[in-house]
Amino acid sequence: MKKIDILNFITNFRKSPNDIKTHTQLVSHLGVTNEEQINAFVAELKQTRVLRETELNGEKAYQVVTK
């Protein structure tokens, strides 16, 4: 798994460039066994300001803010 897998799942720049995915959706798509690695990648992407953490239906969610 790579960081690009996370970004590709969250958004499709042609169909839904401003899509928001919850943490649960992200983990269920990429696998519960990879949750530690997912959290590390998400933290790195947030630090570099590629992802923005937001809230969707009372749950932690992410949105891609830059390509």
For the student: nearest non-hydrogen atoms of Gly58 and Glu55, plus distance: CA-OE2, 3.4 Å

Any side-chain heavy atom of Val64 within less than 4.5 Å of one from Leu45? no

Donor-acceptor contact present, side-chain Gln63 to main-chain Thr54, <3.5 Å: no

Has Gln37 got a side-chain atom pairing as donor or acceptor with Asn34's backbone, closer than 3.5 angstrom? no

For the residue pair His23 and Tyr62, establish whether any side-chain heavy-atom pair is separated by less than 4.5 Å. yes

In terms of hydrophobic clusters joined by side-chain contacts under 4.5 Å, are Val50 and Met1 together? yes

Which residue pairs pass the salt bridge (charged side-chain N to carboxylate O under 4.0 Å, His left out) test when at least one of the two sits in residues 27-48, sequence neighbours left out? Lys3-Glu44, Lys46-Glu53

For a quick test of reading the model, state the closest non-hydrogen atom pair linking Ala61 to Ile20 and the distance between them. CB-CG2, 3.5 Å

Taking Ile38 as the fixed residue, which of Thr33, Asp5, Leu26 is the one that meets the side chain to side chain contact (heavy atoms under 4.5 Å, CB included) rule? Leu26

Mind listing the closest non-hydrogen atom pair of Ile10 and Lys21 along with its distance? CA-CG, 3.6 Å

